[in-house]
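Model, not experiment: these values are computed from the prediction. One is the number of the first residue; the rest follow in order along the sequence.
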Amino acid sequence: MSRIHTAALALTAAIAFFVGGWASFAPAAFYDSFPGVLGQWVSTDGPYNEHLVRDVGAMYLALGAASVAGFAWRSPAVLRLLGLAWTVFGTLHLWYHATHLDHVTADAAIGTVVSLTFSLGLGILLLIPARDGSRRETDAAGTAGPAASAGPHARTLPAR
């Protein structure tokens, strides 16, 4: 796994646990004051719905747990799957907010679009295969295959 992938996993997990933890365990406070020092982005977009806020929190926590799992199963397939999930979510999330900016201040609109574009970018980074020589050949389970563990002097048998 490249350093860029490691950083993207760490940042997606941090974002997910920050947003997801707040929305899941303090939904009214999340609704009233998210993202905190940058303004109030959620409460300006309709009435409070505890169920919806908690569901959003649970979804973020699930994405965060998946990002953490990416550290355990360090395979290109897992990174791409995580990248796909974060990219689909990030694209739809950014699209909604970018097309519904009429109820927020200019600085909140900029903050929203920049932060959601950053989050989407992390998903896209996870989709891109590693270009360095550190990537090992892996099987579908994410474990090192024969080519990765055979060593430089291993002989291969001809196929039958």
If every non-hydrogen atom of [X] is compared with every non-hydrogen atom of [Y], which pair is closest and at what distance?
| X | Y | value |
| --- | --- | --- |
| L63 | A85 | CD2-CB, 4.0 Å |
| M1 | G70 | CE-O, 3.6 Å |
| A130 | S2 | CB-CB, 4.4 Å |
| A23 | G57 | CB-CA, 3.6 Å |

For the pair [X] (side chain) and [Y] (backbone), establish whether a donor and an acceptor sit closer than 3.5 Å, ignoring hydrogens and angles.
| X | Y | answer |
| --- | --- | --- |
| Q40 | S33 | no |
| R74 | F71 | yes |
| T87 | G123 | yes |
| H97 | V113 | no |
| T12 | L9 | yes |

Worksheet item: Within a reach of under 6.0 Å around CG of L116, are more than 12 heavy atoms found that belong to other residues, nucleotides or ligands?
Response: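 Count over threshold, so yes.
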Are [X] and [Y] connected, step by step, through hydrophobic side chains (Ile, Leu, Val, Met, Phe, Trp, Tyr) whose heavy atoms are closer than 4.5 Å?
| X | Y | value |
| --- | --- | --- |
| I128 | L81 | no |
| V19 | F118 | yes |
| W86 | L11 | yes |
| L127 | V78 | no |
| V42 | M59 | yes |

Discussion item. Test ring pair (Phe, Tyr, Trp, His ring centres under 6.0 Å) on Y60 and F89; report intermediate values, then the result.
Written reply: CA-CA 10 Å; Y60 264 104; F89 169 66; 5.2 Å; yes
Item to complete: Before giving the answer on side chain to side chain donor-acceptor pair (under 3.5 Å), spell out for D45 and Y96 the whole-Å C-alpha distance, their side-chain angles and the decisive distance to 0.1 Å.
Response: CA-CA 11 Å; D45 196 21; Y96 173 82; 2.8 Å; yes
Could you measure the distance from the [atom1] atom of [X] to the [atom2] atom of [Y]? Nearest 0.5 Å is fine.
| X | Y | atom1 | atom2 | answer |
| --- | --- | --- | --- | --- |
| L101 | T44 | CG | OG1 | 9.5 Å |
| T112 | D107 | OG1 | CG | 9.0 Å |
| L84 | I124 | CG | CD1 | 11.5 Å |
| H5 | L82 | NE2 | CG | 10.5 Å |
| S24 | F17 | OG | CZ | 10.5 Å |
| S115 | I110 | OG | CD1 | 12.0 Å |

Heavy-atom side-chain contact between [X] and [Y] under 4.5 Å:
| X | Y | value |
| --- | --- | --- |
| R80 | P129 | yes |
| V53 | F34 | no |
| W22 | Y31 | no |
| Y48 | D32 | no |

Worksheet item: So H100 and W95, would you call those rings parallel, tilted or perpendicular, with 30° and 60° as cut-offs?
Response: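 Perpendicular, since the angle between the ring planes exceeds 60°.
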